[in-house]
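Take a look at the structure set out below.
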Amino acid sequence: MAFIARYRSLFIITLLFLLLAVGTVFAINALQQTPISNSNQDAAVVGQCPNAGRVNVIHSVEVDRNIGQLGHQNFSCTEIPSENMLFEVVPMVDKKIETIGARRLPRSISKSQALCSRQIVDVIIRRNENLKIPRFPSLPYGIKRESKIGLDVKLERQSIIRDLQKKRETSKKEFIEQLNKGALETLNIHQTFWIIDAFWASIEDCFLSKLIDHPLVIQNMYSIEIVNRMNGVPSQMQADSETTELKFDNDDSNDPKAAAGIINLKPYSKSEFTKGYIAVIDSGVFVEHALLSNHLDYLVRYDCVNGNNICQRFFDDQQTYPFSRDDCQNHGTRTISILRANSPENPQFNGMTRSKIDVYRTFGILPSNETGREKSNLRCNKADKVAILRAIQAALENFASIIVYEVDLKDEDETGLIATAADNAYDAGAINIAANGNSNKPSAEVASPAIAHKVIGVSAYGITGESVLSGATEKIRSNSTAKALGTSTVGPATDGRFKPDILLPTQTDTASSKDPHLVDSFKGTSGATPYAAASAFLLNNWLKQFGEFDNGQIYVKLFEQAQFGHSSFDADDAFDSVRQSCSTPSTLCDKYIDNPDPNVDGMGALRLVDCAKFWWGKVELGDSTANIVDIPLNIPEQFGVELVGALWWPESSDLKVTNNNLPLHQQPSVSHHNDIDLELIPHCSDENENCPSAFESNFKLSVFERIEIDLSAIPFTTNWTFRIKGTHIQNSPQTVYWAAHAKSCSNNPNTSP
């Protein structure tokens, strides 16, 4: 007893110390896994809106510069009144759904391509998509993927992937077994993809013709595409450097900081809005560049060409692993720099986000006999489709909220391999941003996957002030007058949809893989795409403070915050004019101004809004819901500068099988397009005879609509109706995302804080 009494105090102190230590560990872990909330006292939290992100909910918030950058107040979410869900017969006046200038490309090899030289060729064998990719569980905002919560969510994602993989394998098992009988035993299966109903195989070229004509290929509607796989082992490129100082042109008008000002990214670049993961599908990255090498913990690199089927991750201590830390295209390095450069000494070149970046190398490299640049004997091939499919799958498993496609595939349309995979990635929850492509030829195809239905296709205007369009040169320092560069590929898509979707600046100076201390101009739509990706990333994170929202909500926000500086589109003159409200209109007047072609400029140049009342949400249209939805908008007088409304809805391409004796690439493509229109209707006082009746946007083939109204040009009224009209619904229900804002400041980029 004396022994126990003597050490009782020591025992109690030790026990208290252990309890305190355990409690501290749990507290630290909880802090690491707690989402970051806005410090503003008016900041909304998810608990204030239990219906956030659900269908038929109106979300609204006021953002005012006077209470700080993106300071907000009066957040609310209310149900759309049931009496506003209307069933009406909409007269079909000149609404025939048809393609415009369709230019279908073959999606399968021809017999003339099936040579016989006893060479092994790589092919992707694909069947028409018949499986819906489910939405993956998302990572809560601010949670690290390495945390306990993150690992648990990843297990859920991997469970979905295993189920998809099992279904893909089961659907092919009998087909492959029968194919391998007889003369086709040389078919060697390498990988089955779960993001798309396809597998990668190799075969002797002498047997290609027999494979094409095989009854199972014809009956099961398989297509066969030769892919150029460049899976040789690259060597590290050693760039020569003459100086340790950055070499640039001392022109601050073409630096990323200037582009950020034009897009108005600064208010959205607060630390609360920069958490998350961006996947970049490109040519790799030169990590030794001075703009990128400061604290490389933000960057994870994967080799989808030489790596295994899941894209092998590269670690700095794996010097023997065949991953090129270089970028022989001088492309991926520039993309990553615009997104994430972090040089304290040169802030004018810093990236648009503070996100984590996963870079997936998808460009094949082989040693070349020709003398390469910078004393290197490397030859860069075009993008490898096997690697791209691997990259999309890995990006989804690794929690990418944004997938950036810096690939320019001209050999497929919106039903192609990569386009379909990108559409499926959208269904899984990703935001897809892709370069529209570059060409001086009017007949050039929009690049894939930008051509896809559920991908934002990005075109470009020159930040330095020179933009060539139809032979004219003009100054475009304000993107209210920005027009696409004449070298940007124009639409429409092969099924008639407008492409591109939005415009962003290009020709900015950024990191070059030619030298660790060199910056050079990143041109074309590739140079504009990182700015679109950064904008989508910041908008997505800003929206998360109010709840969880679908990726489609970000798509419509991008359209809502693009701008032409005009009022509304008239479908009858969609390609050459727009209807604009007069200074003192009695109705929608008949004054017309030149309208940028939506197949050249999309919905205009993106400029994020930071001084407005915002509304957003989603509805469903169709036989079982409604074909007209009226959403009430109440505009406070201080937000009476401009009113903008936009719609976007996800659609898919289908291949309509009409003849089982025809291969897949010869079957007609049917979009099953749902034609949905938008109206903004003012409700003026009875004595006001100058009140317009309505503003309309009614494109026939587009999957977006947009209206922009100068409120100073019409009698001010507080009450408006945002009308979504399902003019022609072929497939129902159709989810439609909508967004609107009423501004309290001008469009001038120089007025930004």
Side-chain angles (χ1 to χ4, degrees), residues 101-107 124 196 225 227-228 279-283 329 331-332 334-335 360 362-364 380-389 391-392 402-426 430-461 484-504 506 522-533 536 555 597-602 653 669 703:
R103 301 183 298 273
R104 180 156 303 286
L105 293 174
R107 292 183 298 274
I124 293 181
I196 190 174
E225 180 176 338
V227 290
N228 189 7
V280 177
I281 298 178
D282 209 322
S283 58
Q329 286 276 3
H331 201 280
R334 295 187 285 183
T335 300
Y360 298 92
T362 57
F363 284 67
C380 280
N381 189 37
K382 294 182 179 180
D384 183 332
K385 289 190 178 183
V386 169
I388 295 172
L389 292 173
I392 296 172
I402 312 286
I403 301 180
V404 186
Y405 300 86
E406 286 282 30
V407 293
D408 183 355
L409 302 172
K410 293 295 199 326
D411 62 344
E412 64 174 53
D413 61 11
E414 70 278 353
T415 65
L417 284 168
I418 305 305
T420 302
D423 278 347
N424 288 350
Y426 169 88
I431 297 167
N432 297 302
I433 308 292
N436 212 57
N438 309 298
S439 177
N440 292 314
K441 299 178 180 179
S443 61
E445 293 285 342
V446 176
S448 177
I451 197 173
H453 283 74
K454 301 171 187 175
V455 175
I456 296 296
V458 181
S459 194
Y461 65 89
L485 287 166
T487 55
S488 299
T489 303
V490 302
T494 54
D495 60 359
R497 287 170 298 113
F498 294 138
K499 281 290 179 179
D501 297 302
I502 53 176
L503 295 176
L504 276 299
T506 190
F522 196 15
K523 300 178 180 179
T525 59
S526 293
T529 300
Y531 293 108
Y555 282 38
D597 185 344
N599 277 311
V600 176
D601 304 301
S653 289
S669 175
V703 292

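Just so you know, these numbers come straight off a predicted model, no measurement behind them. Residue indices begin at 1 and follow the sequence shown.
- Considering every non-hydrogen atom in both Val455 and Ala434, the closest pair reads CG1-CB, 3.6 Å.
- In this structure a side-chain-to-backbone donor-acceptor pair under 3.5 Å is present from Ser283 to Gly332.
- Just one of Thr415, Thr420, Asp495 meets the side-chain hydrogen bond (donor to acceptor under 3.5 Å, both in side chains) condition when paired with His453; it is Asp495.
- Contact between Ala422 and Ile392 at its shortest, heavy atoms only, is N-CD1, 4.4 Å.
- Using a cut-off of 4.0 Å between Lys/Arg side-chain N and Asp/Glu carboxylate O, Asp411 and Lys385 are scored as salt-bridged.
- Side-chain contact between Val404 and Ile281 is absent, with no heavy-atom pair separated by less than 4.5 Å.
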Apply side-chain contact (heavy atoms from CB on, under 4.5 Å) to residues Asp282 and Phe363 and explain how you reach the verdict. CA-CA 7 Å; Asp282 209 322; Phe363 284 67; 4.2 Å; yes
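- Between Ile124 and Val386 the shortest side-chain heavy-atom distance falls below 4.5 Å.
- For the pair Ile388/Val407, a side-chain contact is recorded, criterion being any heavy-atom separation below 4.5 Å from C-beta on.
- Lys410 places no side-chain N or O within donor-acceptor distance of the main-chain N or O of Val446, the cut-off being under 3.5 Å.
- Side-chain contact between Asp601 and Tyr461 is absent, with no heavy-atom pair separated by less than 4.5 Å.
- Ser459 approaches Ala528 most closely through the heavy-atom pair O-CB, 3.7 Å.
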Take Ile456 and Ile502, measure what side-chain contact (heavy atoms from CB on, under 4.5 Å) needs, and give me the verdict at the end. CA-CA 8 Å; Ile456 296 296; Ile502 53 176; 3.9 Å; yes
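- A distance-only check finds a donor-acceptor pair linking the side chain of Asp423 to the backbone of Lys454 [under 3.5 Å].
- Contacts of Tyr555 classified as ring pair (Phe, Tyr, Trp, His ring centres under 6.0 Å), with partners at least two apart in sequence or in another chain: Tyr426, Trp648.
- Side-chain contact between Ile196 and Leu417 is present, with heavy atoms from C-beta onward closer than 4.5 Å.
- Glu406 and Ala435 make their closest contact through OE1-CB, 4.0 Å (heavy atoms, listed as atom of the first residue, atom of the second, distance).
- The two residues Ile433 and Ala533 make their nearest non-hydrogen contact at CG2-N, 3.9 Å.
- Put simply, the side chain of Thr506 never gets that close to the backbone of Ala460: no donor and acceptor are under 3.5 Å apart.
- For Asp501 (side chain) and Gly457 (main-chain N/O), a donor-acceptor pair under 3.5 Å exists by modelled atom type.
- His331 approaches Ser526 most closely through the heavy-atom pair NE2-OG, 3.0 Å.
- Every residue was checked against the ring pair (Phe, Tyr, Trp, His ring centres under 6.0 Å) condition with Tyr405, not counting sequence neighbours, and none meets it.
- For the pair Arg334 (side chain) and Lys523 (backbone), a donor-acceptor distance under 3.5 Å is absent.
- For the residue pair Thr525/Asn436, the side-chain donor-acceptor check at 3.5 Å is not satisfied.
- The side chain to side chain contact (heavy atoms under 4.5 Å, CB included) test applied to Ala387 returns Cys304, Val305, Thr362, Asp384, not counting sequence neighbours.
- One distance of note links OH of Tyr531 with OG1 of Thr335; it measures 10.5 Å at 0.5 Å rounding.
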